[in-house]
Amino acid sequence: MEARKAYAENLSLLERSRAGDESATEALLVANGGLVRNIAARFEGRGVDREDLIQIGSIGLLKAIRTFDPERACTLSTYAVPLIFGEIRRHLRDEGPMKVSRTQKRLAAMLSEERERAVKRGEDPRLSDLADACGVTASEAAVALDAVAPIRSLSESLFGEEDGPTLDDAIADEDAEERNFYHLALSMSIDKLPPLRRKIILLRYWRDLSQQQTADLLGLTQVKVSREEKKILAFLRGELT
C-alpha cells in the first residue's frame, strides 16, 4: 500500500515538474536523494569529496526526472540508477587525476627544498622534521607531497620484484561498478515484489532449491511455484529493461 502511494505521489510530482513547477522538481530530488547518496558512496576514495559526488549524481537524477516517461514499465528510481552512475563515472573520467591546489604545490616545493638542504648536510630527514621546518603538521606535509607525486604505471611492481605483483593486480576491478549497478537495480526491483514472490526468489535463486523443494517449504504445489516464477521473471525483465 505504501509503495503504491509513493508511486502515485511520484507520478503527480513528475507531471507538475514537467509543467514547470520547480517545487515539484525539488521534491523529487529530495525524495530520491537516498538513492543518489547510496550510489555516490560506491565511488568514495577516487579523489573527489563525497558531497561533490552527491552533487554530481544529483545531476543524473535531474536528467532522469526530465526525461522519464511514465509509460515506461519501470519506476523513476529504477530508470534513474544508470543515469546517476553514468554522470559520476563521466565526471571521474573527464576530470582525470585529482587536481592539486596552488597551496599544496607551494608547500610541496618548500618541503622538497628543505629535504635537499638536509641531504646536502648529510642528514636523512624524517617527514616530521621537514614539516617542522616548514611550519606545518606531518599530516599536511604528507598530503602535499602525495598530491604532487608522479602517477605510477599500472605495470609497475608493487615491491620492486621483477616477477612480483603489479599495481594492476592490486586495484579494484573496473567491471565491479557495472555489477554493482545491476545488483542495486535488481535489489530495488525485488523489493517491490509481494512477500510470497520474494520468498520464491530467495529459495530458488539464493538457496538454489528446486521448484518442488520450494513448493514443499511454502506449502504450495510445484505448478503454482512454476507459474509464480514465470510472473516474477516477467516483472523483473520489465523493471530492468
Side-chain angles (χ1 to χ4, degrees), residues 1-19 24-25 27-43 54 57-89 173 175-241:
M1 186 65 70
E2 288 297 322
R4 290 182 181 178
K5 182 180 178 182
Y7 181 72
E9 289 176 351
N10 262 353
L11 285 181
S12 175
L13 289 171
L14 280 166
E15 290 178 4
R16 287 166 49 196
S17 176
R18 286 192 169 189
T25 302
L28 284 167
L29 288 170
V30 171
N32 293 277
L35 176 62
V36 177
R37 289 190 292 274
N38 189 324
I39 295 174
R42 297 168 183 267
F43 292 89
I54 292 173
S58 294
I59 295 174
L61 175 58
L62 183 59
K63 289 182 178 179
I65 291 170
R66 290 176 173 169
T67 59
F68 179 72
D69 182 356
E71 297 300 317
R72 287 177 179 272
C74 68
T75 62
L76 171 64
S77 56
T78 302
Y79 174 73
V81 167
L83 296 183
I84 297 169
F85 262 99
E87 203 65 36
I88 295 177
R89 294 181 71 176
D173 182 2
D175 293 335
E177 293 172 7
E178 204 71 26
R179 289 196 294 272
N180 284 339
F181 152 59
Y182 287 116
H183 183 270
L184 178 61
L186 179 60
S187 295
M188 291 169 58
S189 299
I190 290 175
D191 284 343
K192 298 173 187 174
L193 292 169
L196 175 61
R197 292 184 178 179
R198 287 203 299 271
K199 288 179 182 178
I200 291 174
I201 285 290
L202 173 65
L203 296 173
R204 289 281 291 123
Y205 295 93
W206 265 260
R207 297 188 182 176
D208 201 26
L209 299 184
S210 67
Q211 287 186 348
Q212 187 59 61
Q213 290 171 320
T214 300
D216 292 342
L217 282 173
L218 297 178
L220 305 172
T221 65
Q222 183 272 328
V223 173
K224 172 66 173 176
V225 170
S226 177
R227 289 174 179 171
E228 288 296 318
E229 190 172 333
K230 289 178 181 178
K231 293 176 182 178
I232 292 168
L233 295 177
F235 171 78
L236 293 178
R237 288 192 193 99
E239 284 287 302
L240 299 173
T241 300

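Side-chain contact between E228 and K231: present, with at least one pair of heavy atoms (C-beta onward) separated by less than 4.5 Å. By the 4.5 Å heavy-atom criterion applied to side chains, L203 and L218 are counted as neighbours. K192 places a side-chain heavy atom less than 4.5 Å from the side chain of F235. Contact annotation: the side chain of R198 never approaches that of L202 to less than 4.5 Å [non-hydrogen atoms, C-beta and beyond].
Each of L196, I232, T214 was compared with I201 under the side chain to side chain contact (heavy atoms under 4.5 Å, CB included) criterion, and only I232 meets it.
Of the inter-residue distances, the one linking K199 atom NZ with R207 atom CZ reads 10.5 Å to the nearest 0.5 angstrom. The distance from the OG atom of S58 to the CD atom of E87 is 10.0 Å, given to the nearest 0.5 Å. In this structure, L28 CG and R16 CZ are separated by 8.5 Å, a value rounded to the nearest 0.5 Å. With values rounded to the nearest 0.5 angstrom, I59 atom CD1 is found 13.0 Å from I54 atom CD1. A distance of 10.5 Å separates CG in N32 from CZ in R37, rounded to the nearest 0.5 Å. Note that CG of L83 is 9.5 Å distant from CD1 of I39, once rounded to the nearest 0.5 Å.
Side-chain atoms of Q212 and Q222 include no donor-acceptor pair closer than 3.5 Å.
Shown here is R227, whose CZ atom has no more than 12 heavy atoms of other residues, nucleotides or ligands within 6.0 Å.
The backbone N or O of L13 lies less than 3.5 Å from no partner atom in the side chain of S17, so there is not a single donor-acceptor pair.
Taking every heavy atom of both residues into account, A80 and L35 meet most closely at CB-CD2, 4.4 Å.
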